[in-house]
Structure formats: C-alpha cells, structure tokens
Amino acid sequence: MTGIVENVECNEKKKSLFNGYSKQIDELYTFRDRYYLLNQETTNADDRLNDLNKKLNEIAHELENIETSQFESKACHLILIGKAFNVLPDFNQRAFDALTKAIKLDPRSTEAWNYLGESYWKKRDFEMCRNCFERSRSIQPNKMSLRGLAMVTRQLINVPASKEQLIKQQQQQQATSSDQSNAVRQLLDESIAFAKEAIKLDAKDGMSWYILGNCYMAKFFSPFGQQQYQQQQQQQQSANLLKQALSAYELALKDDQVAALQSDLHFNKSMLAMYEENWADALGSLAKAVQLDPYWTELRENLLGLLSYLDQINESVRQRGKLKPKKFQQLVESIN
C-alpha cells in the first residue's frame with residue numbers, strides 16, 4: 001500500500017514539474033507578444049528578439065540540465081524543449097529536432113504533433129504541417145489542431161505544385177480552370193469548417209474566433225465571395241461573409257488575452273473597416289495594432305496613409321471641392 005502511495009506522489013510531482021515549466025513557457029510567449037507594451041522606451045526592432053532570446057536561453061538552460069527521469073517520460077521533457085524554442089518567430093532546428101524525437105517516443109501525444117505542426121509552418125512545409133495537425137486531431141479533437149488546420153488549409157491554396165505534380169499535370173492535361181476553382185473553393189470551405197469545429201470545443205476561445213474571422217475574410221475577398229452566383233445573390237452572399245467576418249473578430253476581441261496580444265487581429269479588422277468606410281473603427285484598430293507592434297512597417301504605412309486620405313477628404317469638404325460659390329450652387333441644384 002505504501003508503495004502505491006509513493007508512486008502516486010511521484011507521478012504527481014512529475015506532472016507538477018511539467019506543468020510548472022509549461023506555464024513558464026506560456027509566459028515567455030506572452031512576453032514576446034506584449035513586449036512593446038511593456039517596453040515602450042525601446043527604439044530598435046531587434047530589442048524584442050534579443051530580450052526574448054535571453055529569457056529563452058535561461059529556461060532552455062534549466063530544461064536541458066534537468067534529468068529526464070524527473071519527468072513522466074523523455075517525450076514530455078522533449079516537448080517542453082520544443083515548445084520553448086518554438087517561441088522564436090522563425091524556424092528553429094532545436095525545436096524541430098526535439099519535437100521529432102518526442103513524436104517517435106510518444107506518437108499519441110497531441111501536444112507534440114501540434115507543436116511540430118507549428119514548426120513545419122515556420123519551415124513553410126505546409127503539407128507536412130497539415131499532416132501533423134491531422135494526426136493530432138485523429139488522436140483527440142482539440143482546439144490547437146483544428147485552428148492549425150483552418151490556417152494551413154488556406155495556405156495550401158497558394159502552394160505551388162511540386163515538380164512531379166507539374167509534370168503529371170502537363171502529361172495528363174486534365175486540370176481545367178473550373179476544376180481548379182472548385183478545389184480552391186473547397187479548401188476555403190474546409191478552413192471555415194475547421195474553425196467552427198474549434199469553436200464548438202470552446203465557444204469563449206478568442207483565438208478560434210479570430211481564425212474563423214480570417215477564414216471568412218479570405219473567402220470574402222476571393223472570387224467565390226463575389227462571383228459565385230448571379231449579381232443579386234452575389235451581393236447578398238458577399239454582405240453575409242463580411243458580417244460573419246466582422247462578427248467573428250468582435251467575438252475574438254471579447255477574449256482579453258487575444259485582444260491584448262494579437263496585432264494581426266486589429267490589423268485585419270481595420271482592413272474590413274476601411275472596406276466598409278468605417279473610418280473611426282479603421283483608425284482605432286490600426287492605432288491598437290501599431291501599439292502592439294510599432295515596427296511593423298505595413299501597419300505604420302497604412303495608418304499614415306489613412307490619416308492622409310482622411311485629411312484630404314476633410315479639406316475637400318471644407319473647401320467644397322474648391323468650387324466657386326456659383327458652381328457649387330449649380331451642383332447642389334443639379335443633385336436636387
């Protein structure tokens with residue numbers, strides 16, 4: 001009986017150690033995403049990466065000097081190492097190697113498959129990325145794998161065919177533009193379905209809503225969002241897609257963690273607001289995005305460009321289009 005109690009206590013201690021380090025790594029991700037809010041005095045875009053590497057190396061040093069026997073398995077130890085190095089914005093070989101080994105040791109680990117999928121994403125190997133998320137989902141449906149599938153499915157639309165596929169297409173010459181269009185439409189619909197499935201698992205998860213919004217946005221700006229039906233039906237469908245995207249973004253923003261960390265979310269929302277000519281929302285969203293990531297060049301250019309555009313409109317309104325009073329009166333009368 002004593003031996004059983006000791007084993008239970010030992011296992012609980014190992015789980016506690018794993019969870020403790022996992023929480024530290026989660027905080028590292030938050031530090032990365034909130035860096036500019038916490039360090040507003042920084043003047044160099046490289047500061048974030050340098051400070052992130054310092055914190056990462058501290059955790060990695062601890063992890064790599066802990067005996068594997070302190071964890072439930074060697075796979076658990078490797079998953080933590082892989083998750084830690086995955087915090088870096090670009091592909092990292094140490095993360096990839098650790099997660100690949102973890103999968104070999106524990107092919108039933110949904111976490112390992114998900115983090116490996118992220119690593120393949122950064123490697124721009126979207127086919128392998130999708131395979132990893134599919135394996136994770138097949139073991140047990142989970143938000144991370146479904147969100148990953150929603151994202152990578154849309155990426156596959158733009159992936160060029162491999163050399164072998166190109167040769168096969170040239171030989172067969174069977175792929176018509178209609179077939180290709182149907183394939184693209186199917187991928188867009190699949191991405192939406194994956195995001196919705198993630199939301200079913202947790203309706204309060206802001207990241208799932210954010211990704212669903214991106215899916216609707218992608219379809220809205222695709223040819224199928226505006227050319228699938230006749231003109232009247234087309235307008236209704238496009239309007240619905242736009243409303244669904246905006247609604248998903250609004251629900252994503254209700255999750256404080258997502259709203260406070262995702263500059264992409266605010267940027268994408270600003271794009272839709274500009275499309276609708278909702279200038280106040282567009283400015284607010286861009287300003288928030290710039291606050292989260294002040295060194296994102298495209299953000300600053302969009303914000304400055306929008307301010308300039310609105311200044312021009314304001315000046316034109318103030319000067320009545322620079323028309324002389326008589327001409328302006330004639331224009332008003334012609335409208336009436």
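Nothing fancy with the numbering, it's 1 onward along the sequence.
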Between [Y] and [X], does any NZ, NE, NH1 or NH2 come within less than 4.0 Å of an OD or OE carboxylate oxygen?
X: Glu127; Y: Arg130; answer: yes
X: Arg137; Y: Glu197; answer: yes
X: Glu250; Y: Lys269; answer: yes
X: Asp106; Y: Lys74; answer: no

Taking atom types as modelled, find out whether [X] and [Y] have a side-chain donor-acceptor pair closer than 3.5 angstrom.
X: Tyr36; Y: Asp293; answer: no
X: Asn240; Y: Gln244; answer: no
X: Asn86; Y: Asn92; answer: no
X: Asp281; Y: Ser270; answer: no
X: His77; Y: Thr68; answer: yes
X: Ser136; Y: Asn114; answer: yes
X: Asn39; Y: Asp47; answer: no

Got a donor-acceptor contact below 3.5 angstrom from the [X] side chain to the [Y] backbone?
X: Arg48; Y: Arg32; answer: yes
X: Trp113; Y: Glu134; answer: no
X: His266; Y: Gly284; answer: no
X: Ser16; Y: Glu12; answer: no
X: Asn65; Y: His61; answer: yes

Fill in: Heavy atoms of other groups near Lys101 NZ, more than 12 under 6.0 Å
no
Discussion item. Please determine whether the number of non-hydrogen atoms from other residues, nucleotides or ligands lying under 6.0 Å from atom NZ of Lys122 exceeds 12.
Written reply: yes
Fill in: side-chain hydrogen bond (donor to acceptor under 3.5 Å, both in side chains) evaluation trace for Asn142 with Ser145
CA-CA 6 Å; Asn142 59 90; Ser145 66; 3.2 Å; yes
Worksheet item: Pick from Ile79, Ile81, Leu63: which one makes a side chain to side chain contact (heavy atoms under 4.5 Å, CB included) with Tyr21?
Response: Leu63
Discussion item. Applying salt bridge (charged side-chain N to carboxylate O under 4.0 Å, His left out), can you list everything that pairs with Glu27, at least two apart in sequence or on another chain?
Written reply: none
Side chains of [X] and [Y]: closer than 4.5 Å at any heavy-atom pair?
X: Lys13; Y: Glu72; value: no
X: Lys14; Y: Gln70; value: no
X: Tyr249; Y: Met217; value: yes

Worksheet item: Which of parallel (below 30°), tilted (30 to 60°) and perpendicular (above 60°) describes Phe220 and Tyr275?
Response: perpendicular
Within one Ile-Leu-Val-Met-Phe-Trp-Tyr cluster: [X] and [Y], side-chain cutoff 4.5 Å:
X: Leu242; Y: Tyr210; result: yes
X: Ile211; Y: Tyr216; result: yes
X: Ile25; Y: Ile66; result: yes

Worksheet item: Under the criterion ring pair (Phe, Tyr, Trp, His ring centres under 6.0 Å), which of Phe96, Phe126, Phe133 is the partner of Trp121?
Response: Phe126
Fill in: ring pair (Phe, Tyr, Trp, His ring centres under 6.0 Å) against Phe18, all qualifying residues, sequence neighbours excluded
none
Practice prompt. Assert yes or no for the condition that the ring centre distance of Tyr120 to Phe91 is strictly below 6.0 Å.
Written response: no
